[in-house]
Amino acid sequence: MTVVTRFAPSPTGFLHIGGARTALFNWLFARHHGGVFRLRIEDTDRQRSTQQAIDAIIDGLKWLGLDWDDETIFQFARAPRHAEVAMEMLKQGKAYYCYTTPEELEQMRAAARAAGKPMRYDGRWRDRDPKDAPQGVKPVVRLKAPTAGETVVQDKVQGEVRVANEQLDDMVLLRSDGTPTYMHSVVVDDHDMGITHVIRGDDHLTNTFRQLQIYQAMGWELPAFAHIPLIHGPDGAKLSKRHGALGVEAYRDMGYLPEALRNYLLRLGWGHGDDEIISTAQAIEWFDLDGVGRAPSRFDFAKLDNLNGHYLRQAEDASLAGEVARRLGVAGDAQLEQRLAAGMAGLKARAKTLKELADNARFYILKRPLVPDDKARAHLAATALQVLKGLRGVLAGPQSWNGTDLEAAAREFAESNGIKLGQVAQPLRAALTGATTSPPIFEVMQVLGREETLGRIDDALAGG
RNA sequence: GUCCCCAUCGUCUAGAGGCCCAGGACAUCACCCUUUCACGGUGAAGACACGGGUUCGAAUCCCGUUGGGGACGCCA
């Protein structure tokens, strides 16, 4: 049997981090089994679905590197099929028309609340003769759900979960305007799409009981269910827009790499022994539902940062330089991009995100004369400038321009002047980068080149 | 409120009755490396929510308490 999974977001907002993880798990599971991963846009809520959200979700998945098979399914387009199935259930006596008005429902809800009981539709049209139908009320179609016994889910993550059927009421399958409800369309679509494994958020666990009843009414084969725990914010509460429920594009903008986010999301709720750094290829090989934890987890930027730093150091200098150039607004300037690439070795060990990388790299693309920050200015006092002036004399000579030789020359200069290397290096750093922290300064000199280096030193000497 | 789920260091987790006075990773702290800051290395501190069982033996099984979360729509 070929494994078929799906990711089924509703396009009412961006692709948030929880959805991204759900998509990742479905994708990994399908790829692990050599199966099929499908995308279904659940756009049946016409009020809230937007093209913008659809684009954001698709862009997010693409950025994350989660490719799906076959064409994208749009749920709304399948409304006729959903209605058809409801009619079939009607014909088989598995469903019935219900003429209860929204007002009556509201009364029911109010009464239930007052009695401290959960809202349950009372089934008043369940066995009533349709001839009693009031004039002018468009009916909904409700499932004739079992009233006794219990419904049991065999969940691949949560284990066996059961609920008494009296807890469940006759849910609406088709609204009075003939459009399907979520519960109904999900089941019909999952069945028609041949989904074998429904992997989704924990928040759907209790929905599953009702969906199971639809499968049973239609006599359809059940898919396997796996409900993965939700991701919470740093404070343990449900992820809200205030803290962390950002779209994946926000993570991209913050400078996270897709491979780092994949690795982080994978480890959030899934484990493989003590392994932490897990490549995507390795993840496909290892991923299974047994490794999924059952407790909700909290989103931790510190760990994401650490992982991102790891993948950053692993990344190609040239592509990193391209991204940094884009962020600094100098993309396309071959000379600067080349300079950034040359400086990347020292730069990338010092950054956790692309944003930080770009910030740290800015001094490489700045035009002379640099404006040193306050701390750097403190290293450019009169005595320091004397040192710089002396060093400049050495550098102006026949000096080979690579980091190692430059360092040797600086060390020799410091020694002959009876000062520490740091007393030479810090003023130099201040002059060349305008800051007090930077990649190794002799590496910086090599990357900047002789002319630019001497120019920046002259600027500092003149500025003092 | 009703129903359902969950519970190991601050965080993510390993742990499927003895290998655990609980292992790893991130974060924190200290030291080393060092021209700055990082990276890297070494080390420290830090958890089985609580109470009952079951068992020769429980982080692991059962029950309860507490705490967290989710679902209760003609939203998805």
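The structure presented is a predicted model; accordingly, all values stated were derived computationally and were not measured.
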Identify the nucleotide, in any strand shown, that forms a Watson-Crick or G-U wobble pair with rU66(B), with both distances under 3.5 Å; if there is none, say none.
rA7(B)
Touch class at under 4.0 angstrom, heavy-atom based, for G269(A) against every strand present
sugar-phosphate
Identify the nucleotide, in any strand shown, that forms a Watson-Crick or G-U wobble pair with rU36(B), with both distances under 3.5 Å; if there is none, say none.
none
How is R294(A) classified with respect to the nucleic acid when contacts are heavy atoms under 4.0 Å: base, sugar-phosphate, or nothing?
sugar-phosphate
State which of rA76(B), rC6(B), rC74(B) makes the closest approach to the side chain of E42(A).
rA76(B)
Taking the six-membered ring of F74(A) (Phe, Tyr or Trp), confirm whether the NZ or CZ of R40(A) is under 6.0 Å from its centre and within 45° of its axis.
no
Of the nucleotides rU11(B), rC3(B), rA25(B), which one has an atom closest to the side chain of E276(A)?
rA25(B)
For G422(A) and P427(A), work out which heavy atoms get closest and say how close.
O-CD, 3.9 Å
Please classify the nucleic acid contact of T208(A) as base, sugar-phosphate, or nothing, using heavy-atom distances under 4.0 Å.
nothing
Base, sugar-phosphate, or nothing for Q158(A), non-hydrogen atoms under 4.0 angstrom?
sugar-phosphate
Would you classify L268(A) as touching base, sugar-phosphate or nothing, given that sugar-phosphate means primed atoms plus P, OP1 and OP2, and contacts are heavy atoms under 4.0 Å?
sugar-phosphate
Which of these passes side chain to side chain donor-acceptor pair (under 3.5 Å) with R200(A): T208(A), T22(A), T5(A), N26(A)?
T208(A)
Decide, yes or no, whether a salt bridge links E104(A) with R124(A) under the criterion of side-chain N to carboxylate O below 4.0 Å.
yes
With heavy atoms under 4.0 Å as the rule, sort L105(A) into base, sugar-phosphate or nothing.
base
If you check the D300(A) side chain, which of rC5(B), rG10(B), rC39(B) turns out closest?
rG10(B)
For rG10(B) versus rA22(B), give the span between their P atoms, rounded off to a whole number of Å.
15 Å
Name the closest nucleotide to the R298(A) side chain, picking from rU11(B), rA76(B), rC5(B).
rU11(B)
Using a 4.0 Å heavy-atom cut-off across all strands, classify F442(A) as base, sugar-phosphate, or nothing.
base
On a whole-Å scale, what distance lies between the P atoms belonging to rG70(B) and rC37(B)?
44 Å
Residue whose nearest RNA chain B nucleotide is more 5′ - P440(A) or S297(A):
S297(A)
When you match R142(A) and A295(A) each to their closest nucleotide on RNA chain B, which lands nearer the 5' end?
A295(A)
N/O donor-acceptor pair under 3.5 Å between Q158(A) side chain and H227(A) backbone:
yes
